[in-house]
Amino acid sequence: MSRVTFFEWYPARQSLWIDPNFELKVRRERQRQRDREDVFKIPSTAYVSLSCISLIISRKGTKGKPLKDDEILQNLPVGTTATMYFKDLGPQLGWTMVFLAEYMGPLFIYLLFYFRVPYIYRNKYAFTSSPYPVVTLACVCHSFHYSKRLIETIFVHRFSSGTMPLRTIVRNCIYYWGFAAWLAYYINHPLYTPPSYGDMQVNYALAMFVLCEVGNFSIHLALNNLRCEGSRARKIPYPTKNPFTWLFFFVSCPNYTYEVGAWLSFTVMTQCVPVGLFTLVGFIQMAIWARGKHDTYIREFKDYPHFRMPIIPFFL
């Protein structure tokens with residue numbers, strides 16, 4: 001459980017900082033006396049960042065919004081007195097490590113089922129392969145998708161938030177890894193049957209899958225180019241010369257639109273119920289994220305295009 005401590009801070013008469021020894025110090029300046037320092041020890045397990053501190057303005061005893069890392073305490077409009085809350089967020093991991101953990105699991109778990117390692121299916125099926133080309137194609141598409149995600153995590157994405165709590169990472173990994181094992185079990189099962197409409201269904205789904213993956217990557221590159229290295233400033237994303245970014249004309253989060261399209265195509269390609277359920281759950285979650293980002297754009301930018309929708313053009 002997170003621990004919370006608080007203290008009174010008088011901006012007009014006190015200096016406040018976090019020193020290299022992870023001690024939050026307040027220096028009180030008194031007339032005719034030597035400066036006095038009050039030291040508030042920060043637990044060594046805490047993630048030391050100003051985002052751990054909530055600031056109360058005038059309403060004593062009520063928690064305020066967490067401060068941003070780039071905010072200067074002395075410049076805050078706190079009047080003569082403020083109550084500072086320091087919250088120990090517990091064990092944390094950086095966003096890069098979070099996504100690497102989430103995406104490496106499904107990549108390797110799926111391959112275990114594809115190669116039918118022993119003890120997954122009956123022993124007579126160990127290290128055998130499916131006679132249906134769609135099974136191999138599904139493995140290639142699934143591996144490509146998560147490999148792309150890993151590459152984007154390392155070389156493309158710029159994360160605006162510092163860390164994620166360890167307990168949340170465990171929950172996310174269970175979600176991604178569990179669904180990967182579930183859908184891989186059925187797609188690579190010895191009794192799996194190919195789609196009803198054969199090669200035509202598979203080929204159309206494959207074409208849509210490739211287009212959505214390219215579109216998703218194009219959007220991530222466009223979003224990457226919006227920010228300079230180390231910048232946290234938010235800008236309105238607009239379409240570029242790349243046709244795949246033209247979806248910005250209609251939605252605020254086309255990366256989610258393409259992501260849902262890719263998994264919907266994978267569902268049609270494999271004609272597998274667990275894949276369809278994973279797509280549905282993913283769509284619901286991404287729709288929630290898209291709505292939140294869309295509302296943030298509208299709140300922060302008065303000139304934000306009013307005809308854009310969060311994730312589905314003209315609808316949602």
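A quick note: this is a predicted structure, and the numbers were derived from the prediction, not measured.
- Following chains of ILVMFWY side-chain contacts shorter than 4.5 Å, one cannot reach Ile312 starting from Trp263, and the two form parts of different hydrophobic clusters.
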Taking distance alone, no hydrogens or angles, what donor-acceptor pairs closer than 3.5 Å link side-chain atoms of residues 248-256 to residues at least two apart or in another chain?
residue: Ser252; atom: OG; partner: His294; partner atom: ND1; Å: 2.6
residue: Ser252; atom: OG; partner: Tyr304; partner atom: OH; Å: 2.5
residue: Tyr256; atom: OH; partner: Lys293; partner atom: NZ; Å: 3.0

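- At least one side-chain heavy atom of Arg116 sits under 4.5 Å from a side-chain heavy atom of Pro190.
- Taken together through direct or relayed side-chain contacts under 4.5 Å among Ile, Leu, Val, Met, Phe, Trp and Tyr, Leu247 and Phe314 form part of one hydrophobic cluster.
- Heavy atoms from other residues, nucleotides or ligands lying under 6.0 Å from OH of Tyr186 number 12 at most.
- Phe113 is connected to Met104 through a chain of hydrophobic side-chain contacts under 4.5 Å among Ile, Leu, Val, Met, Phe, Trp and Tyr, so both are in one cluster.
- At a threshold of 4.5 Å between non-hydrogen side-chain atoms, the residues Tyr175 and Val281 count as touching.
- Taking the six-membered ring where tryptophan is involved, the planes of His142 and Tyr110 are essentially parallel, since the angle between them stays under 30° and well short of 60°.
- For the residue pair Tyr114 and Thr136, a side-chain donor N or O sits within less than 3.5 Å of a side-chain acceptor on the partner.
- The distance from the OH atom of Tyr146 to the CD1 atom of Ile109 is 9.5 Å, given to the nearest 0.5 Å.
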For a side-chain contact (heavy atoms from CB on, under 4.5 Å) check, start with the C-alpha distance between Phe209 and Val268, then their side-chain angles and the critical distance, and finish with the verdict. CA-CA 10 Å; Phe209 177 85; Val268 175; over 6 Å; no
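- Between the side chains of Thr279 and Thr267, at least one donor N or O lies within less than 3.5 Å of an accepting N or O.
- For Ser196 and Gln271, the side-chain atoms include at least one donor-acceptor pair closer than 3.5 Å.
- Between the CG atom in Asn225 and the OG1 atom in Thr245 there is a gap of 10.5 Å [rounded to 0.5 Å].
- Around OH of Tyr238, the count of heavy atoms belonging to other residues, nucleotides or ligands within 6.0 Å exceeds 12.
- Ring planes of Phe278 and Phe179: tilted class, angle from 30 to 60°.
- In this structure, the side chains of Tyr176 and Glu102 come closer than 4.5 Å at one or more pairs of heavy atoms.
- Taken together through direct or relayed side-chain contacts under 4.5 Å among Ile, Leu, Val, Met, Phe, Trp and Tyr, Tyr103 and Val275 form part of one hydrophobic cluster.
- Around the CH2 atom of Trp177, the shell of radius 6.0 Å holds no more than 12 heavy atoms that belong to other residues, nucleotides or ligands.
- Using a 4.5 Å heavy-atom threshold, the side chains of Met208 and Cys212 count as touching.
- Residues Tyr258 and Phe244 meet the side-chain proximity criterion, which asks for heavy atoms closer than 4.5 Å.
- Every residue was checked against the salt bridge (charged side-chain N to carboxylate O under 4.0 Å, His left out) condition with Asp199, not counting sequence neighbours, and none meets it.
- Using a 4.0 Å cut-off between charged nitrogen and carboxylate oxygen, Asp295 and Arg299 do not count as a salt-bridge pair.
- In this structure, Val260 is a member of the same hydrophobic cluster as Trp289, with clusters built from ILVMFWY side-chain heavy atoms closer than 4.5 Å.
- Ring geometry for Tyr185 against His189 counts as perpendicular: the plane angle is over 60°, on a 0 to 90° scale with 30° as the lower cut.
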Between Leu150 and Leu107, does a side-chain contact (heavy atoms from CB on, under 4.5 Å) hold up when you go through it step by step? CA-CA 10 Å; Leu150 290 171; Leu107 180 62; 4.0 Å; yes
Between Val98 and Thr153, is a side-chain contact (heavy atoms from CB on, under 4.5 Å) present by the stated rule, with each step listed? CA-CA 10 Å; Val98 169; Thr153 298; over 6 Å; no
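- The CD atom of Glu213 sits 6.5 Å away from atom CD of Glu259, with the distance rounded to the nearest 0.5 Å.
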